[in-house]
Amino acid sequence: MTTKNILVFGEVEKGRLAPITKELLGGARRLSDQVGAGVNLLVAGALSGESLQDAAEFGTDIIYHATDPGYGEFSSDAYSFLAVELCKKIDPVLCLMGQTDLGRDIAPRIAARLGAGLCMDCVEVRFDPAQNIFVQTRPAFGGKALAEFSSPAGKLQVNTIRAKSMEPAATQAGRKSELMEIKEGPDPSAIKTKLVSVKVLETDGIKLEEAKIIVAGGGGLGSAEGFTIIKELADALGGVIGATRVPVDENWVPLSIEIGQTGKIVSPDLYIAIGISGAAQHITGMVSSKKIVAINKDPDANIFKISDLGLVADYKTVVPVLIEKIKESAR
Amino acid sequence: MEIIVCIKPVLDPDLPPAKFTVDGKKNEVIPPEGVPFVMSPYDALAVEAALRIKEAQGGKITVLTQGTKYAEEIMRKALAMGADEGVILSDPAFEDSDGFGTAHVLAQTVKKIGKFDLILCGRQAADWDAGVVGSLIAEYLNIPVVIRAKSIEVLDGVLKIERISTNGSEVFELGLPALVTLSSEMGQVRIPSGWGIISAAKKQVPKWGATDIGTDPSQTGAAAAVNRLVKLYVPVYERKCEMVTGKDPAEAAARLTEKILAIKP
Ligand SMILES: Cc1cc2nc3c(=O)[nH]c(=O)nc-3n(C[C@H](O)[C@H](O)[C@H](O)COP(=O)(O)OP(=O)(O)OC[C@H]3O[C@@H](n4cnc5c(N)ncnc54)[C@H](O)[C@@H]3O)c2cc1C
Ligand SMILES: Nc1ncnc2c1ncn2[C@@H]1O[C@H](COP(=O)(O)O)[C@@H](O)[C@H]1O
């Protein structure tokens with residue numbers, strides 16, 4: 001039996017539902033109430049009882065859990081196969097996934113196989129009841145523009161959603177959902193790439209995406225040592241460091257702390273941008289931060305246009321004072 | 001190795017936001033006068049990756065671009081970098097294709113060329129930033145795909161790809177033929193030599209249309225687009241920035257600290 005449904009692609013981190021999945025469930029729940037559809041969640045791999053309960057309380061109606069070891073680690077080939085098989089069976093009106101490693105990888109592939117509509121990196125998905133269609137908004141041109149797309153009625157939509165653009169669902173304690181196990185593994189002929197090794201750059205402490213305070217450095221820091229200085233500032237504030245593309249390309253910092261269109265999307269309470277010019281591709285990843293402070297030696301730097309507080313100075317002369325004063329205030 | 005590289009001309013992504021304007025009626029970007037389009041930076045990396053493979057083990061590089069405006073210019077650039085041949089896919093029936101339509105044109109072209117071991121694309125075109133065309137071509141040709149590669153090795157007919165992921169990287173092995181998209185972590189793109197520019201200028205670049213590659217007109221162009229652009233606009237993010245000053249940098253920094261402490265969560 002199939003009923004109208006929205007299918008969310010769940011991601012699991014350390015056995016629990018990832019923040020993006022909670023956001024997607026929030027978005028799916030709101031849309032489903034307008035569309036008159038149920039919310040289904042597809043997850044693969046190891047899941048704890050708590051995360052299953054989370055899923056239910058975040059508004060999932062049916063959880064499809066793929067338990068075959070073939071889905072134990074992310075494989076674009078295996079997950080594309082899994083998603084297509086499930087979509088054929090339950091015929092969703094909308095597939096929502098994060099603009100993550102998983103979403104970037106499988107969204108176009110399953111859209112091609114299912115003849116679906118496709119929209120990547122959406123910051124909003126609306127339902128237009130008059131036309132019975134979904135309307136997507138996404139950044140384009142490195143974030144310099146926003147584009148709105150309309151999708152044809154009656155055709156499945158596959159949409160990836162940018163982190164932090166959908167409000168997570170409110171939990172409803174004790175809410176129940178149905179659990180369906182998918183026991184079959186992927187068809188071996190579908191697996192064309194073999195994962196041979198994984199390198200994880202572990203972040204010590206708070207994750208960038210979840211940090212309340214971020215001190216980010218750009219090309220203006222001039223060297224890896226510059227990041228040692230701003231790390232001290234971040235530590236004094238109880239925050240973490242981030243970076244633009246330039247320090248990553250220069251190998252001063254690892255790729256895992258890049259912020260922006262091709263890096264991480266963050267929205268901390270406080271974002272301090274040091275030696276950052278404010279290119280569109282960077283701004284698009286941090287502009288929704290609650291408070292933005294910029295330190296830049298160029299008074300005309302674009303970053304000041306989107307900041308609440310600004311200081312025109314060479315960071316080398318002012319950041320040590322900031323560190324000193326903040327440490328003082330903590331005593 | 002027969003390598004095919006797909007490149008796209010785009011409005012320079014480094015164009016400052018102040019120079020970026022949109023025609024709200026036509027839902028189009030208004031390119032500023034005198035600013036030429038460039039080869040999408042990730043596509044330049046794909047050309048670079050192809051050249052490195054060719055240098056290591058020989059082969060031929062064929063570059064494809066679908067479009068009319070600036071197609072010739074970026075094609076000459078790719079040839080000047082060292083690519084062997086190029087084909088421009090240009091037909092009114094291809095114009096304003098979405099990702100599916102573009103992938104259809106490129107996949108049909110690959111089929112017409114026939115012989116290939118590896119197709120390289122950029123991770124995303126630096127205009128619409130979709131990042132789908134590579135994966136779609138791979139689906140249409142039913143070949144393996146790895147996206148966002150930082151390095152490519154070919155050993156005895158097996159591809160070894162390291163690709164970036166959110167928190168690090170992953171290494172994959174796959175057989176040929178295959179499609180790989182390139183990310184900026186791959187490194188620096190070479191600058192064409194004077195000799196490269198001269199020899200590129202002499203090369204013939206054929207233009208193929210719908211009848212040459214046998215595409216079905218119902219699958220390309222604006223009319224075939226699945227999701228349609230209904231609005232394009234410039235978002236306004238501006239905040240009122242309070243500039244903190246002082247008699248010297250130290251005083252200004254001290255004042256800024258107080259203000260930061262006041263808003264610190
Ligand atoms: C398709 C595409 C995707 C991209 N994705 C991303 C992305 O995800 N994230 C990202 O960040 N970038 C991205 N970029 C790159 C982006 O366009 C910019 O090049 C980059 O953000 C610039 O980084 P920056 O501001 O640190 O460096 P720069 O532009 O070099 O600016 C340095 C700034 O530091 C200031 N400065 C210099 N010295 C000092 C000093 N001593 N004290 C104080 N200030 C100083 C200068 O005035 C200047 O404003 C992308 C680009 C493209 C084309
Ligand atoms: N018109 C085109 N001509 C040739 N290659 C293209 C074209 N459009 C996209 N591509 C290739 O597909 C990649 C991804 O594009 P996109 O999915 O549009 O972000 C680009 O980096 C190019 O390698």
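In the text below, chain A, chain B and the rest are named by the order of the sequence lines, each starting its count at 1.
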Would you mind checking which part of [X] comes under 4.5 Å of any heavy atom in chain B, side chain (CB onward), backbone (N, CA, C, O), both or neither?
{"X": "A:E324", "result": "neither"}
{"X": "A:A294", "result": "neither"}
{"X": "A:F74", "result": "side chain"}
{"X": "A:Q99", "result": "neither"}
{"X": "A:L118", "result": "both"}
{"X": "A:L146", "result": "both"}
{"X": "A:T262", "result": "both"}

For [X], is it the side chain, the backbone, both, or neither that has a heavy atom closer than 4.5 Å to a heavy atom of chain A?
{"X": "B:Q188", "result": "neither"}
{"X": "B:L15", "result": "both"}
{"X": "B:E162", "result": "side chain"}
{"X": "B:R255", "result": "neither"}
{"X": "B:V133", "result": "neither"}

Checklist entry - Is any side-chain N of the basic residue among A:D308 and B:K259 closer than 4.0 Å to the acidic one's carboxylate O? => result no
Among [options], which residue forms the greatest number of heavy-atom pairs with chain A at distances under 4.5 Å?
{"options": "B:A126, B:A252, B:A254, B:S184", "result": "B:S184"}
{"options": "B:R163, B:E242, B:K240", "result": "B:E242"}
{"options": "B:T257, B:L261, B:V29", "result": "B:T257"}
{"options": "B:G187, B:A250, B:S135, B:S169", "result": "B:S169"}
{"options": "B:V244, B:D127, B:I260", "result": "B:D127"}

Next on the checklist: Within the supplied structure, the quantity of interest is the number of heavy atoms (other residues, nucleotides, ligands) at a distance under 6.0 Å from B:E251 CD; does it exceed 12?
Outcome noted: yes
Option that, when pairs with chain B are counted at under 4.5 Å, heavy atom only, ranks first among [options]:
{"options": "A:S150, A:P152, A:A140, A:A280", "value": "A:S150"}
{"options": "A:D105, A:V200, A:D249", "value": "A:D105"}
{"options": "A:I272, A:D121, A:I213", "value": "A:I213"}
{"options": "A:L309, A:V321, A:I292, A:L311", "value": "A:L309"}
{"options": "A:Q281, A:Q261, A:K155, A:Q136", "value": "A:Q261"}

Compare all side-chain heavy atoms of [X] with those of [Y] and state whether any distance is below 4.5 angstrom.
{"X": "B:V145", "Y": "A:D77", "value": "no"}
{"X": "B:D129", "Y": "A:R138", "value": "yes"}
{"X": "B:E173", "Y": "A:T193", "value": "no"}
{"X": "A:K144", "Y": "B:K19", "value": "no"}
{"X": "A:R104", "Y": "B:R123", "value": "yes"}
{"X": "A:K194", "Y": "B:L174", "value": "no"}
{"X": "B:R239", "Y": "A:K305", "value": "no"}
{"X": "B:N142", "Y": "A:K192", "value": "yes"}

Checklist entry - Do the rings of B:W128 and A:F149 sit parallel, tilted or perpendicular, given the 30° and 60° boundaries? => result perpendicular
Item to check | Short side-chain donor-acceptor distance under 3.5 Å, B:N167 and A:K264 | outcome: yes
Rounded to the nearest 0.5 Å, how far does [atom2] of [Y] lie from [atom1] of [X]?
{"X": "A:L270", "Y": "B:I263", "atom1": "CG", "atom2": "CD1", "answer": "5.0 Å"}
{"X": "B:K264", "Y": "A:I326", "atom1": "NZ", "atom2": "CD1", "answer": "8.5 Å"}
{"X": "A:L102", "Y": "B:S165", "atom1": "CG", "atom2": "OG", "answer": "12.5 Å"}
{"X": "A:R245", "Y": "B:E185", "atom1": "CZ", "atom2": "CD", "answer": "6.5 Å"}
{"X": "B:L256", "Y": "A:I295", "atom1": "CG", "atom2": "CD1", "answer": "5.5 Å"}
{"X": "A:S75", "Y": "B:E170", "atom1": "OG", "atom2": "CD", "answer": "10.0 Å"}

Next on the checklist: Donor-acceptor check, side chain of A:D101 to backbone of B:T166, threshold 3.5 angstrom: yes or no?
Outcome noted: yes
Item to check | Proximity of residues 312-320 of chain A to chain B, residues having a non-hydrogen atom under 4.5 angstrom | outcome: A:V312, A:T317, A:V318
Checklist entry - B:V171 pairs by side chain to side chain contact (heavy atoms under 4.5 Å, CB included) with which of A:V198, A:V196, A:L195? => result A:V196
Next on the checklist: At under 4.5 Å between heavy atoms, what parts of residues 225-237 of chain B are in contact with chain A? List them by residue number.
Outcome noted: B:V226, B:N227, B:R228, B:L229, B:V230, B:K231, B:L232, B:Y233, B:V234, B:P235, B:Y237
